[in-house]
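Shown next, in structure tokens, is the structure this report addresses.
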Amino acid sequence: MDLTSDDRDKMKLNSNHIPNPTVNDRLSSNFNVSIGMEIGFCQILENEKLLLVLVNRYEIHIYLERLPAIDTVIQQNRPIKSLNREKLGQDVLFAFDETKRALVVCAAIKLQLHLFIFDEVFKTLHKQGDSINLAPWYSQPMISILQVAFITGKEEIVLVDSTSRARIFSFITLQYRPASLPLPSLPNAIFSSPDGSCLLVLHTRDSQLSLTAYHWDTFGLSRGTPLDVPEFPLKGAVLTSMGSRGQLFLVSLDIDTGYIRSIAIDITKKVTEFIFKKKGGLGHGTQNNGDRPTIHNSLLDCHTEVWSRFPVLPAVKRRTVTSLSERQQRSVTFITEKPTRPFRPYFTDLIQTFERTTRKPAGEELRRIEISAVQLSWFQENVVMCLAWNISRYRLGEWLVDLLCLIPIHIAVCRENRFVPLADGVLSPALERSLLGAEVNQIVDKLSFGWYESIFQSYLATKPVKVVSSMGQQSVGKSFSLNHLLDTSFAGSAMRTTEGVWMSVTPTDDTLIVALDFEGVDSIERSLQEDTLLVLFNTAISNLVLFRNNFAFSRDISGLFQSFQSSASVLDPAANPSLFQSTLIIIIKDVMDTDKMEIVDEFSLKFQKIVEQEQDANFISRLHGGKLEIMPWPVIESKEFYKEFFTLKKRLDLQKTSHQTAGQFLHTIKTLMAKLKANDWAALSQTMTEHRAKTLSILLPIALATGYSEIEPDCEPLKNFDTDLIVEADDTQARFAISECEQNLPDSIELHLATLRESWNSATDRQFIPDPDWTENLASYIGGLINQRVNHVRLWLDSNLERFQTGHATVEDLRRQFDNLVIGMRANVQLCGAHCTFCHLLCVRNRLHEGDHNCQTTHRCVHGCGRCKYSERKSCGTSAGHLGEHICVINAHLCGEPCKLSGRRGCLEGCTKVVGHTEDEHLCSAPLHMCGEPCALKEMKLPGGRTYSCSESCSIPSDQNHETHVCDTRLCPVRCDLCRRLCVQPHLHGLTPDPDVHHLCGEGHSCSALCAAPGICQIDTAPLSIEATFTGRHETFQYTKYTQVAKRLQCVQIIGPGQKSHEGAHIHSKEEQLFHFCETRCNDCGYFCTFPLNHAQQEHETSHGSMTQTRWAIENDDENGLELGGRRFSSNDEGGPMMCNLVCSSMGRHVHISYCRAEENTRCEGTEIQHINAPFTPNPHKPKDAVTHSLYWRRMGFKDPYTREEQANFTKCDVMCPGPEHSATEGTPGQPSYCTLPMFHQPANNYEAVEHSEGVGYTSNDGHIFGCTDPVELQQAYHVIFIIDKSSSMANTDRRPMDETPVADLIRRHADNRLGAVFSALYSFWSARHAAVATAQQVASARRDAYSVVLFDGQTKNALVNDLASTPNQLLEAVLAEGPSFGTNFTAALGAAGAIMEQNWSRERAPIMVFLSDGECLIADKAIQDICHSAVRRGHPLSFHAVSFGTNDSTYTLRRMARLALEIQNNSPQDLGSVIPSSFTTALDTVRLAETFLGFAESLRKPRGSLMR
């Protein structure tokens, strides 16, 4: 059977919820059993595993495998354990407790129990001790056991015997409890409740099956409680739990009806009395008042599902649709061939049942739904074919927006310690590739929220926004709460467990409420860094943070809020005033009314403790401005459960709005997400200002040119980006040439200028007014159009920049760009004004034009001839703009002879005097004949060695005496030294002999120099590449590399008109308090200090990035290296993948490695320094020190970025207890136990241990204090038998006793030879073991290990036999009396040792033999084999270790003995337990007895590694 995710959620929220399980064929598995085999026991375990016991006449096979693979292991005959049926008898019973991993096999007739225990990962099954004989507890003959079951969670079982008596047996005391329970009859079955509370007994009374409950605590003292379960098929029923072990169900297969039936059992405690009551039924179909089960009602029953999951009356109501007048009453019409069926009563019953069982407020919403049923024919005729449908009508836009706001969208996830924004709800590899090396502004432009984009940007852009977020532990109802508070539908997002961040929107009449649903924190699936990024995003953007946690499991909040505290030091709230405006509400679920005040007080004290520990760095003050509320939430069965949502709604109404418009919110959230992705921790306001300025900068040329922000595919008017409102202002439809958006600028300028000229109403008035006046009017007209456009665009800029910093560098750049574009824009419409090359009008081309001057007319005069008769008047034949009389043809009315000044500029060519005039000179009527000589502006020197010469001719009247020829170009034709505009100085000013002559346009200029003030103007943070590759000794992987770039900004000083430079220094801002960052940077990551230059703080501070300046240095580096965060590093590997502010958290307790600062031949001194003697890379020739975390950061000069709690932990010793109980297993993380002393402490003695640990824990052999149990006490005890050769060769002096030991002199006096060296090693072993035992127990005490010593030459002597009490000195005295003698007899020595082993056998102690000799001696294989087999038969394989003191050519026998012992070890039954493998070594000092054999309590030091520069 399977439960729906909704049922699972409801059962977590409501322990009384009755689920509706389904039988899913997809989840079923089949297996085949061979003929002769029977199923003796089966039980489904977690993770779809099946414990299956198959029995036949001869064997019992135990299998444990996942359901899909169970048939395979059966067919391959691969049981996890096989038992001999003959030894157990034919009647065998089984019981299993999953919580204890314990399986009991009961020989029912032989009255024996066999206990087996699975390992932590259910891979192996070991027998626990010997079989337990129950016969002494039964005096009656021919008694047998009929039923057996575990008491869940305890090492006890209940057994029902053939006298109908139930008794409880303890595997701890190996005895029965005194009380027994007489049953009224032999039970058909017994059930132990999964929650460990009671025993259910199924028996027959009056030919009817009945069920009785007995509580374990009153076992044998009460008669039990009968359970009334009428018409429930108890035959074959089983007791199980769903959801949690406390939610009990009796489940049965009803063969008659074909349904799975169940009864829910509710156990209520009243002092010592327990009441059992039936809660209800569940299964496929439900029975109601004895009616037949209904099968096809899902179309109606699904409404209950919706009402349960989503609110009927939410606390926050969505906005009212404006076209409400056309909305009809909600109705449900069923089209059926049998409309007389009771649809309406059934639906009414659904509503009543729902309201009664859930207590959810519904008002009249559900009762108002009209229910009807009609036939298809009626529906077609009266509805489909009817033109006027009686249905609701909405405006399409309103309806579509309301629909879209109901659909949540996935906006971000965390992967590989990175915050990853999604593109339109999808994790897009293409987007990730496109953002390689992108800056924050580029990332912002790439982000999109799908259908919510247009809602935020346009449709609801002007509404203020409040953000409500839900965080907490996994599966505590976060989505359910948001749904009922804000009328969202997160549960409908096809997600069982929320991943990352999901967003939905609730529009109300006055506010847009954005709901953010976050995945659970403190999950094993997420790293601390990923949790920190999610918390940082949440607290920064939200107005109300709802943090739900489970009262029953989260009383310790320090770990739960670690990610909150870690995020408190990342973004500075003071530098981000628009962020961190939220109130944190801690919702403690499932609190009874009587516990509310106590819970609030308890959690208040715990949060107060956090504040005291972290002081001003605590997350409550930094992230939430000290606004914290603790809200106990009732259990879901309470009437108050749903009322609390309306309390939250009131709290939300009081919350200040920090996002004034939806457009502003969209900009803020995108920028924040981009910064999190890029690990850019600079102030958000600066980044948003920069992004807005750059966006406007891109659009500015188009805006000035066209008056629109976009012209393709459609024209988009200039709008306020935050409100989507059009910026209203007087403007023209004219388009202007802008240098930055024109490809062929000169042609474009002329084209736009011609268009502007043609748009002028007075364009046709030319030649009817003086041309200078007409040209001036044209220039004034065009200037007016430009003023309108400039004012419009300036207003557009102001409206989009009003909420940003005015003095920001990018805003200043934008203003400068605007001013420069406007100046260029005006220059592009500045008219030339010179005389047309082809007539007498003025040139109306742009002043910057090249080529001939052109008036842009036909160059012909448009007036009529003044001499012709009116009826015969012809057009004037003179050039346009001429002075004097208009004449069609000069020689037709006047003299017409060539003018004596013909050829000069301005001449009309023909003489305009009367025909036959008497004056000798022929002159035209032109008032001015220009000189015509080349302009004097020749070879003018320009910057860069260039020269310029004017191509025009002199325009001074020819009859006027002059020495300098000057053309009619009034101004200098050379471009300004500081911009592209032309110089406004006189035409010939460049000919002055002054070498410092400058060409200037007469306008003010922005200074192009960079800021010259000390410090750093701006710091940019960007990921260099998401695909940065780490290549180390052990592995290669890709990671994101984060770096910072320091920038000097452009000077904001204005160079005045006519000036080449400004007064004063170059500065990037005009603010009185000019801000520059400190120039100090972190030596490891290169990030700059974020404090001002010359700041008063003693320590620098920054946000830190990738440690690109470092490499790994690992002490005693070997093939394993150092594992961190699932990656393995070795010495000299680059440190780029690590980040300064995170690596120490990943390492836990640790040291930093730095180069030694002590002078040569002097010692490193200090409690926070420890010199490292061994050289290692990098730079192995340079001496190094291990320093504490605190000293390392003090030396760095930067503020320690870790929390105070972490800093306190880093000060403590990094040595760990070696006990295996601290190691990780499959599915269970390790729980290391660390030394409780400071990092570099002196070795502690036992007295110090007692003082420091208050008698709890132990001190290791090397002087570390631990708060856990000594591993020595948890290890296997041994009987160690030393077999020592004392033949004459052991008198050789090539090896002698160890020097500088307390007993060195004593041993030398007796045996200053090989034998003495052996005695010295034995004494060291005994002393170390004695110290370990004494340390563990804080006082000297009897050890668990036994020692025996057999000395042999030609004969044997038992120097020690099974000694359990002697001190090391006493043990040494026992062997020193013996000296070397003649002969060698391996067989006798081994026989003596075997006799000692057998005569002193103990199940508690595993045998170890250490056979030491320096020679050879023949010995039969059978001798060693017999001893090994004897040990196996007794329950412990022998661990045999041969040690040679001789040459390699005299070791065959010793090697052979060790090899034979190892073979027998390897072939011994696995259930005898693990053993130390037998071995052969060549010298005693290479056999680390205490460590290799017994693992006495030496501490375990994890590899010390650090990143070094």
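Just so it is clear, the values below take in all heavy atoms, side chains as well, and ignore hydrogens, waters and symmetry mates. All residue numbers in this chain count up from 1 along the given sequence.
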Modelled atom types, side-chain donor and acceptor of T212 and H203, under 3.5 Å: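 Per modelled atom types, T212 and H203 side chains form a pair under 3.5 Å.
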Any side-chain donor near an acceptor of the partner, T152 and D97, under 3.5 Å: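 The criterion, which ignores hydrogens and geometry beyond distance, is not satisfied for D97 and T152.
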Any side-chain heavy atom of [X] within less than 4.5 Å of one from [Y]?
X	Y	result
V158	W216	yes
L227	L200	yes
L50	L64	no
I157	F171	yes
L202	I190	no
L199	F219	yes
S82	I62	no
V92	V55	no

Nearest heavy atoms of F150 and A95, plus distance in Å: CE1-O, 3.5 Å
Nearest atoms (heavy-atom pairs only) where L250 meets L211: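 Looking at all heavy atoms of both residues, the closest pair is CD2-CD2, 3.4 Å.
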Any idea how [X] and [Y] line up, ring-wise: parallel (<30°), tilted (30 to 60°), or perpendicular (>60°)?
X	Y	result
H1436	W1401	tilted
F122	F118	tilted
F169	W137	perpendicular

Whether [X] side chain and [Y] backbone form a donor-acceptor pair below 3.5 Å:
X	Y	result
N188	K235	no
K81	L125	yes
S193	S197	yes
K360	S308	yes
R167	V160	no

Aromatic ring proximity, centroids under 6.0 angstrom, F94 and F96: no
With [X] via salt bridge (Lys or Arg N to Asp or Glu O under 4.0 Å) - residues at least two apart:
X	result
D195	none
E155	none
R359	none
D161	R165

Interatomic distance, [X] atom [atom1] to [Y] atom [atom2] [nearest 0.5 angstrom]:
X	Y	atom1	atom2	value
S34	N32	OG	CG	9.5 Å
N20	T304	CG	OG1	10.5 Å
L248	C198	CG	SG	6.5 Å
S164	Q147	OG	CD	10.5 Å

Within a 6.0 Å radius of atom [atom1] on [X], are there more than 12 heavy atoms belonging to other residues, nucleotides or ligands?
X	atom1	answer
E46	CD	no
Q140	CD	yes
I44	CD1	no

Salt bridge present between R85 and E59 (N-O < 4.0 angstrom):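 A salt bridge is absent here (no side-chain N lies under 4.0 Å from a carboxylate O).
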For S144, side-chain hydrogen bond (donor to acceptor under 3.5 Å, both in side chains) partners two or more places apart: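 For S144, no residue satisfies side-chain hydrogen bond (donor to acceptor under 3.5 Å, both in side chains) once neighbours in sequence are set aside.
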Non-neighbouring partners of R1434 that pass side-chain hydrogen bond (donor to acceptor under 3.5 Å, both in side chains), sequence neighbours left out: S1430
Geometric cation-pi criterion R223 and Y214, 6.0 Å radius, 45° cone: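 Output no; distance or angle outside limits.
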